[in-house]
Amino acid sequence: MRRRGHVIPLRLNEREYRYLCEQVEMSGLPREEYLRTLIAGKAIHARPCTHHADLLRKVAGLCNNANQLAHRANSTGTAGQGSVDEMTRLTQEVWREVKENW
């Protein structure tokens, strides 16, 4: 890591400090990295919620099942009812989770 030899003292009142701490917490970045990112003019996005990873896994599984079902339907001309039912169940589960968390 490159060395940073310049220290800039900064005084904030209580309200400013609380606001900075809230923004840093939402970003998930260390405070110094947050401030360097602001100085560089880059956009800072809020850290994703913890349920995003689980939702992405479910969507990836749904896509994988859809690909397998499409591959089977293309090769045999039909898809098994069990595969269609499983994909429908997964789709409903993902939509339920999206509705509950957003």
Quick check for you: to the nearest 0.5 Å, what is the distance between L20 atom CG and R15 atom CZ? 12.5 Å
With rounding to the nearest 0.5 angstrom, report the CG to CD distance, L38 to E33. 10.5 Å
To the nearest 0.5 Å, tell me how far L35 CG sits from I44 CD1. 8.0 Å
Show the nearest heavy-atom pair for residues V24 and P30, with the distance to one decimal. CG1-C, 4.3 Å
Pairing residues for R57 by the side-chain contact (heavy atoms from CB on, under 4.5 Å) criterion, not counting sequence neighbours: A53, D54
For E14, give me all partners under salt bridge (Lys or Arg N to Asp or Glu O under 4.0 Å), at least two apart in sequence or on another chain. R18
Just to verify, what does E16 make a side-chain contact (heavy atoms from CB on, under 4.5 Å) with, not counting sequence neighbours? L12, N13
Please tell me whether L10 and L29 are part of a single hydrophobic cluster in this structure, the criterion being side-chain heavy atoms less than 4.5 Å apart. yes
How long is the gap from CZ on R11 to OH on Y17, to the nearest 0.5 Å? 14.0 Å
Rounded to the nearest 0.5 Å, what separates atom NZ in K42 from atom CZ in R36? 10.5 Å
